[in-house]
Amino acid sequence: MNDDEIVKMLFDRTEDSIEELRKKYEQKLFKISMNFLNNKQDAEECVNDAFLKVWNTIPPYRPTVFCAYLYKLVRNISLNRLKAKNAQKRGGGDISIILEELENCVTTTKNNTPEELYESSLTTKAINDFLASLKKTERMTFVLRYFYGDSIQDICQRFDFSESKVKSLLFRLRKRLQVYLEKEGVAL
Amino acid sequence: MIDLACERLFDSIGNIEDEFLVEAQSISLLETRQDKRKKMIKYGAAAVPIMAITYWYYSKWVKGA
């Protein structure tokens, strides 16, 4: 069943739509959640929360790209759960390593301001432009690592690359992002 | 502060365009291997005439002289 049909079922309030969602997306969403939480039970709960949120938000909301909406939803739910669980120290999955890696891209810091949301949208725009300027493989590697939280080993398997190749590619991409953000005057 | 800034960057990455998310999920290992194989065949096919010309040049002009 394609995504448009599932969305149509959701708009018709057909309960089978959740079953179809499970069939098509449960494994993928579980994997994304596991990348961040590294806990089977938590990941399952996050996936269920995501399905519930989909049921509650569609309708009236109609996502432009349904699968991307699901990926973003489960990522946010998983990260919120992780933050709630580990307010003091980070623990699950690869997230602490991912954040350490991203430190290289951050050169300036600011206090929280009322303009934070606006600045965040500028940052997202700059990242989108940066991603659009990359080659397809580079862009996919970056997104898999820093959006989906995939491990280096997962990325190696996906592209049939060696571990050192993926690590050096990610290192170069972070450097390029740092330079790009500086050039665009994006302050974080 | 670096931590907070990293989290902001990480959060901003969470809002990137949908097409990049779909693209990253679209490729499978099988496709990757097929792409690699295609490239090898392509470059292999290009190498054959180059090797033939090199051999011909070597045998006619270098070895023959």
Side-chain angles (χ1 to χ4, degrees), chain A residues 28 63-72 75-76 79 83 90 95 98-112 116 119-128 131-132 134 136-137 139-150 157-161 177 181 186-188, chain B:
Chain A
K28 264 186 186 171
T64 326
V65 184
F66 183 62
C67 61
Y69 170 68
L70 283 176
Y71 301 148
K72 284 180 180 175
R75 184 187 194 262
N76 286 340
L79 289 175
K83 280 175 192 169
R90 295 188 197 95
I95 183 117
I98 287 172
L99 286 176
E100 273 174 32
E101 286 175 9
L102 288 174
E103 273 185 12
N104 299 334
C105 306
V106 179
T107 50
T108 54
T109 56
K110 264 190 170 181
N111 291 323
N112 284 341
E116 200 178 286
E119 284 175 2
S120 168
S121 71
L122 286 183
T123 311
T124 304
K125 190 189 174 304
I127 293 168
N128 278 328
L131 287 174
L134 298 178
K136 191 177 173 185
T137 315
R139 182 167 56 240
M140 289 166 85
T141 307
F142 187 93
V143 173
L144 285 172
R145 179 68 176 155
Y146 298 116
F147 180 89
Y148 291 107
D150 277 5
Q157 280 182 356
R158 180 76 72 102
F159 292 108
D160 208 11
F161 286 166
L177 176 62
L181 291 179
V186 174
L188 291 157
Chain B
M1 288 304 285
I2 288 283
D3 260 5
L4 187 62
C6 280
E7 284 192 17
R8 280 191 196 145
L9 179 58
F10 192 61
D11 288 345
S12 297
I13 292 170
N15 294 320
I16 57 173
E17 279 179 22
D18 293 349
E19 62 178 291
F20 299 143
L21 305 183
V22 179
E23 180 188 62
Q25 286 289 341
S26 65
I27 196 162
S28 68
L29 178 60
L30 187 67
E31 284 174 75
T32 313
R33 288 195 172 144
Q34 279 171 346
D35 273 0
K36 272 192 170 179
R37 201 170 298 132
K38 271 183 200 167
K39 264 187 192 168
M40 279 171 69
I41 292 168
K42 193 173 138 191
Y43 291 126
V48 170
I50 293 168
M51 283 166 68
I53 290 166
T54 310
Y55 177 75
W56 172 80
Y57 180 82
Y58 175 77
S59 56
K60 188 162 178 79
W61 298 105
V62 180
K63 209 174 167 187

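Computed from a prediction, not measured in an experiment: that's the story for all the values here. Letters go in sequence order (proteins before strands), and every chain restarts at 1.
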- Please look at A:Tyr146 and chain B and tell me whether the side chain, the backbone, both or neither of the residue comes under 4.5 angstrom of a heavy atom of that chain. both
- Considering only heavy atoms, which portion of A:Ala132 lies under 4.5 Å from any heavy atom of chain B: side chain, backbone, both, or neither? both
- Query: Checking heavy atoms, do the side chain of A:Tyr69, its backbone, both or neither come under 4.5 Å from chain B?
  - Reply: neither
- Heavy-atom closest pair (A:Met140 atom, B:Ser26 atom, distance to 0.1 Å) is CE-OG, 4.4 Å
- Message: Donor-acceptor pair, distance only, cut-off 3.5 Å: does the side chain of A:Tyr148 make one with the backbone of B:Leu21?
- Response: yes
- Indicate the atoms forming the closest heavy-atom contact of B:Ala24 with A:Leu144, along with that distance. O-CD2, 3.8 Å
- Output the distance between atom CZ (A:Arg75) and atom CD1 (B:Ile13), rounded to the nearest 0.5 Å. 7.0 Å
- Note on the structure: In terms of heavy-atom pairs under 4.5 Å with chain B, the winner among A:Val143, A:Leu79, A:Leu177, A:Thr124 is A:Thr124
- Item | chain B contact via A:Lys125 - which portion, at a heavy-atom distance below 4.5 Å | neither
- Query: What residue, out of A:Asn128, A:Val65, A:Ile127, has the most heavy-atom pairs lying under 4.5 Å from chain B?
  - Reply: A:Asn128
